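Numbering of ligands and ligand atoms starts at 1, following listing order. Because the structure is a prediction, the values reported are computed rather than measured.
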Amino acid sequence: MVILMDRLDTPSGQRAVARCTELGRAPYSDMEGGLFRPYLGPSYRATCERLAQWMEQAGMATRMDAAGNLVGRYEGLVPDAPAVLLGSHIDSVRDGGFYDGMLGVILGIETVAHFAHAGKRFPFALEVIGFGDEEGSRFPTGMLTSHAVAGVPQDPDPAMADWAGEATLASALAEFGLDAGHMHRAARRRDGILAYVEAHIEQGPALEAADRALGVVSAIAAQQRYRITLRGMAGHAGTVAMALRRDALAGAADIILAAERIGRAGTDGLVATVGSLDVVPGAANVVPGEVVLSLDVRAGSNAGRDQAVADILQAARHTCAQRGLEMDITLQQDLDATPCDGRLTELMEQAVGSVTGAPAPVLVSGAGHDAMIMAHLAPVSMLFIRCAGGISHNPAESVTPADTDAAFRALITFIGLLERH
Ligand code: HGY
Ligand code: MN
Ligand code: MN
Ligand code: MN
(Lines give C-alpha, C1' and ligand atoms only; values in the text may rest on other atoms or scores of the structure.)
(Ligands and ions follow the chains in the order given, each with its own letter.)
Protein backbone atom coordinates (compact mmCIF):
# COMPACT_ATOMS: atom_id res chain seq x y z
CA MET A 1 0.00 0.00 0.00
CA VAL A 2 2.96 2.30 0.84
CA ILE A 3 4.22 1.91 -2.74
CA LEU A 4 0.76 2.77 -3.99
CA MET A 5 0.63 5.84 -1.73
CA ASP A 6 4.06 6.88 -3.00
CA ARG A 7 2.86 6.48 -6.58
CA LEU A 8 -0.13 8.67 -5.81
CA ASP A 9 2.12 11.49 -4.59
CA THR A 10 4.12 11.68 -7.79
CA PRO A 11 3.04 11.79 -11.44
CA SER A 12 2.25 8.28 -12.65
CA GLY A 13 -0.24 6.13 -14.50
CA GLN A 14 -1.46 4.81 -11.16
CA ARG A 15 -2.28 8.35 -10.07
CA ALA A 16 -4.05 8.98 -13.38
CA VAL A 17 -6.32 5.97 -12.77
CA ALA A 18 -6.97 7.10 -9.18
CA ARG A 19 -7.88 10.60 -10.39
CA CYS A 20 -10.25 9.28 -13.08
CA THR A 21 -11.90 7.15 -10.43
CA GLU A 22 -12.21 10.14 -8.09
CA LEU A 23 -13.91 12.22 -10.79
CA GLY A 24 -16.10 9.30 -11.88
CA ARG A 25 -17.37 8.76 -8.34
CA ALA A 26 -17.76 12.48 -7.59
CA PRO A 27 -21.09 13.29 -5.94
CA TYR A 28 -21.77 15.88 -8.61
CA SER A 29 -22.35 13.30 -11.33
CA ASP A 30 -25.36 14.44 -13.32
CA MET A 31 -27.10 11.14 -13.21
CA GLU A 32 -27.97 9.28 -10.03
CA GLY A 33 -26.11 5.95 -9.98
CA GLY A 34 -24.29 6.26 -13.27
CA LEU A 35 -21.71 8.69 -14.54
CA PHE A 36 -22.98 11.39 -16.88
CA ARG A 37 -20.90 14.45 -17.64
CA PRO A 38 -22.59 16.40 -20.45
CA TYR A 39 -20.95 19.48 -21.98
CA LEU A 40 -21.54 22.56 -19.76
CA GLY A 41 -23.89 20.43 -17.64
CA PRO A 42 -24.30 20.72 -13.88
CA SER A 43 -21.11 18.75 -13.04
CA TYR A 44 -18.99 20.36 -15.74
CA ARG A 45 -17.84 23.30 -13.66
CA ALA A 46 -16.82 21.17 -10.68
CA THR A 47 -14.98 18.74 -12.98
CA CYS A 48 -13.09 21.60 -14.65
CA GLU A 49 -12.22 23.13 -11.26
CA ARG A 50 -10.70 19.85 -10.09
CA LEU A 51 -8.79 19.35 -13.35
CA ALA A 52 -7.55 22.96 -13.21
CA GLN A 53 -6.21 22.33 -9.67
CA TRP A 54 -4.23 19.36 -10.95
CA MET A 55 -3.00 21.38 -13.95
CA GLU A 56 -1.82 24.22 -11.69
CA GLN A 57 -0.10 21.76 -9.35
CA ALA A 58 1.70 20.56 -12.49
CA GLY A 59 3.03 24.05 -13.15
CA MET A 60 0.49 25.04 -15.80
CA ALA A 61 -1.40 28.29 -16.26
CA THR A 62 -5.06 27.44 -16.84
CA ARG A 63 -7.94 29.04 -18.77
CA MET A 64 -11.33 28.17 -20.21
CA ASP A 65 -11.48 29.08 -23.91
CA ALA A 66 -14.48 30.64 -25.67
CA ALA A 67 -15.93 27.20 -26.42
CA GLY A 68 -15.74 26.08 -22.79
CA ASN A 69 -12.67 23.84 -23.23
CA LEU A 70 -10.26 23.72 -20.28
CA VAL A 71 -6.66 24.48 -21.30
CA GLY A 72 -3.47 24.22 -19.22
CA ARG A 73 -0.17 25.61 -20.54
CA TYR A 74 3.39 24.75 -19.43
CA GLU A 75 5.74 27.27 -21.06
CA GLY A 76 8.70 26.19 -23.15
CA LEU A 77 12.25 27.53 -22.95
CA VAL A 78 11.05 30.74 -24.62
CA PRO A 79 7.73 32.45 -23.90
CA ASP A 80 4.84 32.05 -26.39
CA ALA A 81 6.50 29.13 -28.13
CA PRO A 82 4.19 27.00 -30.31
CA ALA A 83 2.76 24.13 -28.29
CA VAL A 84 2.57 20.37 -28.37
CA LEU A 85 -1.01 19.72 -27.28
CA LEU A 86 -1.95 16.67 -25.19
CA GLY A 87 -5.56 15.97 -24.45
CA SER A 88 -8.91 14.35 -24.97
CA HIS A 89 -12.50 15.03 -23.88
CA ILE A 90 -14.07 15.74 -20.48
CA ASP A 91 -17.65 14.89 -21.34
CA SER A 92 -19.11 11.39 -21.25
CA VAL A 93 -21.99 9.45 -22.73
CA ARG A 94 -25.00 8.83 -20.48
CA ASP A 95 -24.18 6.12 -17.93
CA GLY A 96 -20.66 5.89 -19.36
CA GLY A 97 -17.38 4.77 -17.90
CA PHE A 98 -14.72 6.64 -15.93
CA TYR A 99 -11.94 6.49 -18.52
CA ASP A 100 -13.30 7.30 -22.03
CA GLY A 101 -11.81 10.74 -22.72
CA MET A 102 -10.93 11.66 -19.15
CA LEU A 103 -7.96 9.27 -18.97
CA GLY A 104 -6.33 11.09 -21.90
CA VAL A 105 -6.82 14.48 -20.25
CA ILE A 106 -5.38 13.31 -16.95
CA LEU A 107 -2.48 11.44 -18.57
CA GLY A 108 -1.65 14.75 -20.29
CA ILE A 109 -1.59 16.45 -16.91
CA GLU A 110 0.58 13.66 -15.42
CA THR A 111 3.02 13.96 -18.35
CA VAL A 112 3.44 17.70 -17.83
CA ALA A 113 3.70 17.18 -14.04
CA HIS A 114 6.57 14.74 -14.65
CA PHE A 115 8.56 17.35 -16.59
CA ALA A 116 7.66 20.13 -14.17
CA HIS A 117 8.87 17.96 -11.25
CA ALA A 118 12.14 17.46 -13.14
CA GLY A 119 12.41 21.17 -13.98
CA LYS A 120 12.60 20.19 -17.64
CA ARG A 121 11.46 22.63 -20.34
CA PHE A 122 11.40 22.18 -24.11
CA PRO A 123 11.83 24.37 -27.20
CA PHE A 124 8.03 24.09 -27.40
CA ALA A 125 5.33 24.68 -24.82
CA LEU A 126 3.22 21.78 -23.56
CA GLU A 127 -0.52 22.32 -23.37
CA VAL A 128 -3.20 20.01 -22.03
CA ILE A 129 -6.75 20.44 -23.33
CA GLY A 130 -9.93 18.94 -21.96
CA PHE A 131 -12.49 19.23 -24.77
CA GLY A 132 -15.94 20.05 -23.45
CA ASP A 133 -17.96 18.18 -26.02
CA GLU A 134 -16.87 15.13 -27.99
CA GLU A 135 -19.74 12.71 -27.46
CA GLY A 136 -22.56 15.01 -28.49
CA SER A 137 -24.47 13.92 -25.37
CA ARG A 138 -26.15 17.28 -24.80
CA PHE A 139 -26.44 19.07 -28.14
CA PRO A 140 -27.30 17.27 -31.39
CA THR A 141 -23.78 17.08 -32.73
CA GLY A 142 -20.45 15.75 -31.49
CA MET A 143 -16.91 17.12 -31.37
CA LEU A 144 -18.48 20.57 -31.10
CA THR A 145 -15.60 22.10 -29.19
CA SER A 146 -12.65 20.59 -31.03
CA HIS A 147 -14.30 21.99 -34.17
CA ALA A 148 -14.17 25.39 -32.48
CA VAL A 149 -10.48 25.01 -31.60
CA ALA A 150 -9.56 23.72 -35.04
CA GLY A 151 -11.56 26.51 -36.66
CA VAL A 152 -13.24 23.94 -38.90
CA PRO A 153 -16.17 25.71 -40.62
CA GLN A 154 -19.00 24.56 -38.41
CA ASP A 155 -20.15 27.67 -36.61
CA PRO A 156 -22.55 26.09 -34.13
CA ASP A 157 -26.01 27.62 -34.10
CA PRO A 158 -26.38 29.35 -30.71
CA ALA A 159 -30.10 28.58 -30.86
CA MET A 160 -29.32 24.83 -31.01
CA ALA A 161 -31.35 23.27 -28.20
CA ASP A 162 -30.01 20.47 -26.07
CA TRP A 163 -31.48 16.99 -26.46
CA ALA A 164 -33.76 17.53 -23.49
CA GLY A 165 -34.80 20.91 -24.87
CA GLU A 166 -33.90 22.51 -21.56
CA ALA A 167 -31.20 24.89 -22.76
CA THR A 168 -29.85 26.43 -25.94
CA LEU A 169 -26.13 26.41 -26.70
CA ALA A 170 -26.10 30.17 -26.19
CA SER A 171 -27.73 29.95 -22.75
CA ALA A 172 -25.47 27.06 -21.67
CA LEU A 173 -22.37 29.03 -22.65
CA ALA A 174 -23.74 32.20 -21.03
CA GLU A 175 -23.97 30.32 -17.69
CA PHE A 176 -20.18 29.98 -17.94
CA GLY A 177 -19.78 33.63 -18.89
CA LEU A 178 -18.99 32.60 -22.47
CA ASP A 179 -20.42 34.05 -25.68
CA ALA A 180 -21.76 31.68 -28.34
CA GLY A 181 -20.99 34.32 -30.94
CA HIS A 182 -17.32 34.16 -30.01
CA MET A 183 -17.21 30.37 -29.81
CA HIS A 184 -15.48 30.19 -33.15
CA ARG A 185 -12.86 32.56 -31.70
CA ALA A 186 -11.66 29.62 -29.64
CA ALA A 187 -9.96 28.68 -32.88
CA ARG A 188 -6.20 28.84 -32.51
CA ARG A 189 -3.61 30.48 -34.69
CA ARG A 190 -2.58 27.86 -37.23
CA ASP A 191 1.04 28.34 -36.07
CA GLY A 192 0.04 27.81 -32.48
CA ILE A 193 0.13 24.03 -32.39
CA LEU A 194 3.02 21.77 -33.46
CA ALA A 195 1.21 18.50 -32.79
CA TYR A 196 -1.87 17.08 -31.07
CA VAL A 197 -1.39 13.87 -29.09
CA GLU A 198 -4.34 11.91 -27.66
CA ALA A 199 -4.05 8.95 -25.32
CA HIS A 200 -7.34 7.04 -25.13
CA ILE A 201 -8.66 3.66 -24.06
CA GLU A 202 -8.96 1.37 -27.10
CA GLN A 203 -12.71 0.76 -26.56
CA GLY A 204 -12.26 -2.48 -28.48
CA PRO A 205 -10.90 -6.01 -27.94
CA ALA A 206 -7.76 -6.01 -30.14
CA LEU A 207 -5.09 -5.18 -27.53
CA GLU A 208 -6.52 -7.61 -25.01
CA ALA A 209 -6.66 -10.33 -27.68
CA ALA A 210 -3.01 -9.61 -28.54
CA ASP A 211 -2.12 -9.47 -24.82
CA ARG A 212 -0.62 -6.02 -25.27
CA ALA A 213 -0.94 -3.01 -22.97
CA LEU A 214 -0.54 -0.32 -25.60
CA GLY A 215 -1.22 0.24 -29.29
CA VAL A 216 -0.61 3.03 -31.78
CA VAL A 217 -3.42 4.35 -33.98
CA SER A 218 -2.67 4.62 -37.71
CA ALA A 219 -6.07 6.05 -38.71
CA ILE A 220 -9.57 6.80 -37.37
CA ALA A 221 -12.60 5.39 -39.18
CA ALA A 222 -15.01 7.52 -41.22
CA GLN A 223 -18.39 8.04 -39.61
CA GLN A 224 -21.73 9.72 -40.18
CA ARG A 225 -24.56 10.21 -37.68
CA TYR A 226 -28.15 10.82 -38.82
CA ARG A 227 -31.42 11.69 -37.13
CA ILE A 228 -34.33 10.04 -39.00
CA THR A 229 -37.94 11.04 -38.33
CA LEU A 230 -40.72 8.71 -39.55
CA ARG A 231 -44.30 9.97 -39.63
CA GLY A 232 -47.28 7.64 -40.02
CA MET A 233 -50.70 7.83 -38.42
CA ALA A 234 -51.45 7.42 -34.72
CA GLY A 235 -54.53 5.34 -34.10
CA HIS A 236 -56.47 3.19 -31.66
CA ALA A 237 -54.69 -0.13 -31.12
CA GLY A 238 -58.05 -1.86 -30.83
CA THR A 239 -59.84 -0.53 -33.84
CA VAL A 240 -57.40 0.22 -36.69
CA ALA A 241 -57.15 -2.88 -38.93
CA MET A 242 -53.62 -4.11 -39.55
CA ALA A 243 -53.90 -3.56 -43.31
CA LEU A 244 -54.90 0.06 -42.79
CA ARG A 245 -52.11 1.05 -40.43
CA ARG A 246 -49.30 3.53 -41.08
CA ASP A 247 -47.26 2.35 -38.11
CA ALA A 248 -44.09 4.45 -37.71
CA LEU A 249 -42.53 2.03 -35.21
CA ALA A 250 -42.99 -0.99 -37.44
CA GLY A 251 -41.32 1.04 -40.19
CA ALA A 252 -38.45 1.88 -37.83
CA ALA A 253 -38.08 -1.82 -37.07
CA ASP A 254 -37.61 -2.54 -40.78
CA ILE A 255 -34.92 0.16 -40.93
CA ILE A 256 -33.12 -1.11 -37.83
CA LEU A 257 -32.96 -4.62 -39.27
CA ALA A 258 -31.88 -3.31 -42.69
CA ALA A 259 -29.03 -1.38 -41.04
CA GLU A 260 -27.97 -4.51 -39.16
CA ARG A 261 -28.18 -6.68 -42.32
CA ILE A 262 -26.18 -4.20 -44.42
CA GLY A 263 -23.67 -3.70 -41.61
CA ARG A 264 -23.16 -7.46 -41.17
CA ALA A 265 -22.64 -7.91 -44.93
CA GLY A 266 -20.07 -5.12 -45.11
CA THR A 267 -16.25 -5.22 -45.16
CA ASP A 268 -13.74 -2.40 -44.51
CA GLY A 269 -14.65 -2.38 -40.80
CA LEU A 270 -18.26 -1.41 -41.58
CA VAL A 271 -20.58 -1.01 -38.58
CA ALA A 272 -24.13 0.39 -38.50
CA THR A 273 -26.02 1.18 -35.29
CA VAL A 274 -29.44 2.51 -34.33
CA GLY A 275 -28.75 3.58 -30.76
CA SER A 276 -31.71 5.73 -29.87
CA LEU A 277 -35.43 5.49 -30.62
CA ASP A 278 -38.15 7.90 -29.54
CA VAL A 279 -41.72 6.69 -30.05
CA VAL A 280 -44.64 9.12 -30.11
CA PRO A 281 -46.99 9.02 -28.35
CA GLY A 282 -45.42 5.91 -26.75
CA ALA A 283 -48.63 4.45 -25.29
CA ALA A 284 -49.41 0.74 -25.27
CA ASN A 285 -52.85 1.20 -26.84
CA VAL A 286 -51.84 3.66 -29.59
CA VAL A 287 -50.48 2.75 -33.01
CA PRO A 288 -47.21 4.80 -33.09
CA GLY A 289 -47.68 7.88 -35.24
CA GLU A 290 -44.12 9.15 -35.17
CA VAL A 291 -40.65 7.76 -34.42
CA VAL A 292 -37.27 9.50 -34.25
CA LEU A 293 -34.31 7.17 -34.58
CA SER A 294 -30.54 7.73 -34.77
CA LEU A 295 -28.33 6.06 -37.36
CA ASP A 296 -24.57 5.79 -36.86
CA VAL A 297 -22.54 4.32 -39.77
CA ARG A 298 -18.75 3.86 -39.77
CA ALA A 299 -16.16 2.29 -42.06
CA GLY A 300 -12.42 2.37 -42.63
CA SER A 301 -12.94 4.46 -45.78
CA ASN A 302 -15.25 7.31 -46.78
CA ALA A 303 -16.39 5.26 -49.78
CA GLY A 304 -17.29 2.29 -47.57
CA ARG A 305 -19.24 4.55 -45.23
CA ASP A 306 -21.04 6.34 -48.08
CA GLN A 307 -22.06 3.14 -49.86
CA ALA A 308 -23.51 1.66 -46.66
CA VAL A 309 -25.41 4.87 -45.90
CA ALA A 310 -26.84 4.91 -49.43
CA ASP A 311 -27.95 1.26 -49.12
CA ILE A 312 -29.58 1.81 -45.71
CA LEU A 313 -31.40 4.97 -46.78
CA GLN A 314 -32.61 3.22 -49.95
CA ALA A 315 -34.04 0.43 -47.79
CA ALA A 316 -35.63 3.07 -45.56
CA ARG A 317 -37.29 4.79 -48.53
CA HIS A 318 -38.62 1.43 -49.75
CA THR A 319 -40.12 0.74 -46.30
CA CYS A 320 -41.73 4.19 -46.23
CA ALA A 321 -43.26 3.66 -49.67
CA GLN A 322 -44.67 0.28 -48.63
CA ARG A 323 -46.03 1.55 -45.31
CA GLY A 324 -47.24 4.99 -46.36
CA LEU A 325 -44.77 6.76 -44.06
CA GLU A 326 -43.09 10.15 -44.51
CA MET A 327 -39.41 10.41 -43.66
CA ASP A 328 -37.11 13.33 -42.76
CA ILE A 329 -33.36 12.70 -42.65
CA THR A 330 -30.91 15.09 -40.93
CA LEU A 331 -27.16 14.58 -41.15
CA GLN A 332 -25.81 15.48 -37.70
CA GLN A 333 -22.20 14.44 -37.83
CA ASP A 334 -20.00 13.85 -40.84
CA LEU A 335 -16.39 12.81 -40.19
CA ASP A 336 -14.02 11.59 -42.88
CA ALA A 337 -11.53 8.80 -42.30
CA THR A 338 -8.50 10.46 -40.71
CA PRO A 339 -4.93 9.16 -40.99
CA CYS A 340 -2.62 9.96 -38.06
CA ASP A 341 0.60 11.77 -38.99
CA GLY A 342 3.25 9.34 -40.32
CA ARG A 343 6.25 10.85 -38.54
CA LEU A 344 4.45 11.18 -35.19
CA THR A 345 3.11 7.64 -35.51
CA GLU A 346 6.63 6.35 -36.03
CA LEU A 347 7.85 8.24 -32.95
CA MET A 348 4.90 6.90 -30.93
CA GLU A 349 5.72 3.36 -32.10
CA GLN A 350 9.32 3.93 -30.97
CA ALA A 351 8.13 5.22 -27.61
CA VAL A 352 5.79 2.26 -27.06
CA GLY A 353 8.49 -0.17 -28.19
CA SER A 354 11.03 1.23 -25.77
CA VAL A 355 8.56 1.14 -22.85
CA THR A 356 7.05 -2.29 -23.51
CA GLY A 357 10.08 -3.98 -25.04
CA ALA A 358 8.00 -5.23 -27.97
CA PRO A 359 6.90 -3.72 -31.31
CA ALA A 360 3.71 -1.68 -30.88
CA PRO A 361 0.51 -3.07 -32.39
CA VAL A 362 -0.77 -0.54 -34.95
CA LEU A 363 -4.54 -0.35 -35.40
CA VAL A 364 -7.40 1.63 -36.94
CA SER A 365 -9.78 3.25 -34.46
CA GLY A 366 -13.47 2.45 -34.98
CA ALA A 367 -14.31 4.99 -32.29
CA GLY A 368 -14.24 8.66 -33.23
CA HIS A 369 -11.93 11.06 -31.44
CA ASP A 370 -11.21 14.78 -31.29
CA ALA A 371 -7.96 13.95 -33.08
CA MET A 372 -10.07 13.71 -36.28
CA ILE A 373 -10.91 17.39 -35.97
CA MET A 374 -7.54 18.54 -34.66
CA ALA A 375 -5.96 16.93 -37.76
CA HIS A 376 -7.34 19.97 -39.65
CA LEU A 377 -5.03 22.12 -37.52
CA ALA A 378 -1.89 20.08 -36.80
CA PRO A 379 -0.29 16.65 -37.21
CA VAL A 380 -1.95 14.18 -34.82
CA SER A 381 -0.90 11.00 -33.04
CA MET A 382 -2.97 8.62 -30.89
CA LEU A 383 -1.92 6.12 -28.23
CA PHE A 384 -4.34 3.35 -27.24
CA ILE A 385 -4.52 1.71 -23.83
CA ARG A 386 -5.97 -1.77 -23.33
CA CYS A 387 -9.34 -1.82 -21.61
CA ALA A 388 -10.85 -4.97 -20.12
CA GLY A 389 -13.05 -6.84 -22.59
CA GLY A 390 -12.87 -3.82 -24.91
CA ILE A 391 -15.87 -2.60 -22.90
CA SER A 392 -16.64 1.13 -23.17
CA HIS A 393 -19.63 3.51 -23.08
CA ASN A 394 -20.57 1.32 -20.12
CA PRO A 395 -19.98 1.65 -16.35
CA ALA A 396 -17.95 -1.61 -16.53
CA GLU A 397 -15.23 0.19 -18.55
CA SER A 398 -11.86 -0.44 -16.86
CA VAL A 399 -8.09 -0.11 -17.25
CA THR A 400 -5.22 -1.39 -15.10
CA PRO A 401 -2.80 0.94 -13.27
CA ALA A 402 0.09 -1.01 -14.83
CA ASP A 403 -1.13 -0.47 -18.41
CA THR A 404 -1.84 3.17 -17.66
CA ASP A 405 1.63 3.60 -16.20
CA ALA A 406 3.08 2.14 -19.40
CA ALA A 407 1.07 4.74 -21.33
CA PHE A 408 2.37 7.49 -19.03
CA ARG A 409 5.96 6.38 -19.65
CA ALA A 410 5.31 6.12 -23.40
CA LEU A 411 4.01 9.71 -23.49
CA ILE A 412 7.08 10.98 -21.61
CA THR A 413 9.34 9.08 -24.00
CA PHE A 414 7.39 10.38 -27.00
CA ILE A 415 7.78 14.03 -25.90
CA GLY A 416 11.51 13.42 -25.46
CA LEU A 417 11.70 11.95 -28.97
CA LEU A 418 9.80 14.96 -30.32
CA GLU A 419 12.43 17.25 -28.82
CA ARG A 420 15.20 15.35 -30.58
CA HIS A 421 13.50 14.91 -33.96
O1 HGY B 1 -18.89 7.84 -31.01
C2 HGY B 1 -17.67 7.80 -30.87
O3 HGY B 1 -16.96 7.20 -31.63
C4 HGY B 1 -17.05 8.55 -29.75
O5 HGY B 1 -17.17 7.80 -28.58
N6 HGY B 1 -17.67 9.83 -29.59
MN1 MN C 1 -16.94 7.92 -26.26
MN1 MN D 1 -13.74 9.09 -26.31
MN1 MN E 1 -17.42 18.56 -39.01
Could you tell me whether Arg94 atom CZ has more than 12 heavy atoms of other residues or ligands within 6.0 Å of it?
no
Around His117, counting heavy atoms of other residues, nucleotides and ligands shown, do more than 12 lie under 6.0 Å from its NE2?
yes
Quick one: does NZ or CZ of Arg45 land under 6.0 Å from the six-membered ring centre of Phe176, within 45 degrees of the ring axis?
yes
Ring-plane angle category for His200 and His89, please: parallel below 30°, perpendicular beyond 60°, tilted otherwise.
tilted
Near the Mn ion (ligand 3) (under 2.8 Å) - protein N, O or S atoms:
His89 NE2, Asp100 OD1, His200 NE2
What I want to find out is whether [X] reaches [Y] closely enough, with some N-O distance under 4.0 Å, to be called a salt bridge.
{"X": "Arg138", "Y": "Asp162", "answer": "yes"}
{"X": "Glu75", "Y": "Arg121", "answer": "no"}
{"X": "Arg231", "Y": "Asp328", "answer": "yes"}
{"X": "Asp65", "Y": "Arg63", "answer": "no"}
{"X": "Asp334", "Y": "Arg225", "answer": "no"}

For Gly87, is there any backbone N or O sitting under 3.5 Å from a side-chain donor or acceptor partner on Tyr196?
yes
Atom of His393 nearest the Mn ion (ligand 2) (restricted to N/O/S, atom name only)
NE2
For ligand 1, what N or O to protein N or O distances fall under 3.5 Å?
{"from": "ligand 1", "atom 1": "1 (O)", "to": "Arg298", "atom 2": "NH2", "distance (Å)": "2.7"}
{"from": "ligand 1", "atom 1": "3 (O)", "to": "Arg298", "atom 2": "NH1", "distance (Å)": "2.5"}
{"from": "ligand 1", "atom 1": "3 (O)", "to": "Arg298", "atom 2": "NH2", "distance (Å)": "3.3"}
{"from": "ligand 1", "atom 1": "3 (O)", "to": "Gly368", "atom 2": "N", "distance (Å)": "2.6"}
{"from": "ligand 1", "atom 1": "5 (O)", "to": "Glu135", "atom 2": "OE1", "distance (Å)": "3.2"}
{"from": "ligand 1", "atom 1": "5 (O)", "to": "His393", "atom 2": "NE2", "distance (Å)": "3.1"}
{"from": "ligand 1", "atom 1": "6 (N)", "to": "Glu134", "atom 2": "OE1", "distance (Å)": "3.0"}
{"from": "ligand 1", "atom 1": "6 (N)", "to": "Glu134", "atom 2": "OE2", "distance (Å)": "2.9"}
{"from": "ligand 1", "atom 1": "6 (N)", "to": "Glu135", "atom 2": "OE1", "distance (Å)": "2.9"}

